Amino acid sequence: MADPRLYVALDLPSIEQARDMVARLGDSVVSYKIGLQLLPLGGTEFGRELAAQGKNVFLDFKLHDIDATVEKATRSISSIGADLLTVHARPDVMQAAARGRSGRLKVLGVTVLTSLDEQALIDIGYHHTAEELVLHRVRQAVEAGIDGVVSSPLEADKIRAIVPDDFLIVTPGVRMAGQDVGDQKRIATPSAAMNAGASHIVVGRPITQANDPRAAAQAIARNMAK
Ligand code: C5P
């Protein structure tokens, strides 16, 4: 019944609230993303608990450190039983994660954070447009041998054109037509994201803040299949 390609972002203030949300969603959702808000509060252990229940678990650590540390961190995270882990898409970081990965864990590169606009990139010292930088890093992700990238749904088609068929493209920034977009700027509907070449989508607040999270998740899963 649940579509495993839909990851619900558990961006909630406590593990207790995340556990309640998972219980409310029941069999309507089988895949969950745990990010920086919950990871310091026992999110990793909670991920282990969900994995033991047969759920798909995405640990959004966004690792970025020296090779040896990234490799060892990825090895530690592999032992949890999670499916997805993010690292920043720098060649050395991605290669180290590819070396540390084992078991069912797949590694995704975070190309360019969608909160960075062209001016922010110039301020950091990059002299490329966001799109040029995304595609450059996607090529480096393929070369590094990691499993996929996180991208805006609006870039998924351009990425799909230059990667192997089994390369994962995971897109946040997904909203149903007419829905409150919140702070997301570059958005697409679930079906548009999938049709552009996404392999998975990540949706948080439209589900976790809904009056009926289960109905919201089911509506998104139905829309994805269109
Ligand atoms: O609530 P919402 O659907 O906007 O949540 C999207 C999730 O995806 C959040 O966990 C957010 O941190 C994450 N994300 C994002 N944009 C990126 C990378 C990650 O929205 N570029």
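Keep in mind it's a predicted model, so treat the numbers as computed, not measured. For ligands, and for the atoms within them, numbers begin at 1 and follow the listed sequence. Numbering starts at 1 and runs along the sequence shown.
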Ligand 1 versus Pro206: contacting region, heavy-atom distance under 4.0 Å: side chain

Can you pull out the closest protein heavy atom to atom 6 (C) of ligand 1? Residue, atom name and distance to 0.1 Å, please. Gln184 NE2, 3.8 Å

Taking only residues two or more places apart in sequence, or in another chain, which ones meet Phe58 in a ring pair (Phe, Tyr, Trp, His ring centres under 6.0 Å)? Tyr7

Answer yes when Glu71 and Arg75 have at least one side-chain N-carboxylate O distance shorter than 4.0 Å, and no when they do not. yes

Test: Glu155 and Lys158 ion pair at under 4.0 Å: no

Nearest non-hydrogen protein atom to atom 12 (O) of ligand 1, with distance, is Lys33 NZ, 4.2 Å

Salt bridge between Glu49 and Arg19, side-chain N to carboxylate O under 4.0 Å? yes

Does a side-chain N-to-carboxylate-O contact under 4.0 Å join Arg90 and Asp65? no

Look at atom 2 (P) of ligand 1 and find which of Lys62, Arg175, Gln37 reaches it with the closest heavy atom. Arg175

Using distance alone, decide if ligand 1 has a nitrogen or oxygen within less than 3.5 Å of any nitrogen or oxygen in Asp60. no

Residue and atom name of the nearest protein heavy atom (relative to atom 3 (O) of ligand 1), distance in Å to one decimal: Gly204 N, 2.7 Å

Does ligand 1 come near enough to Asp11 that some N or O of the ligand is less than 3.5 Å from an N or O of the residue? yes

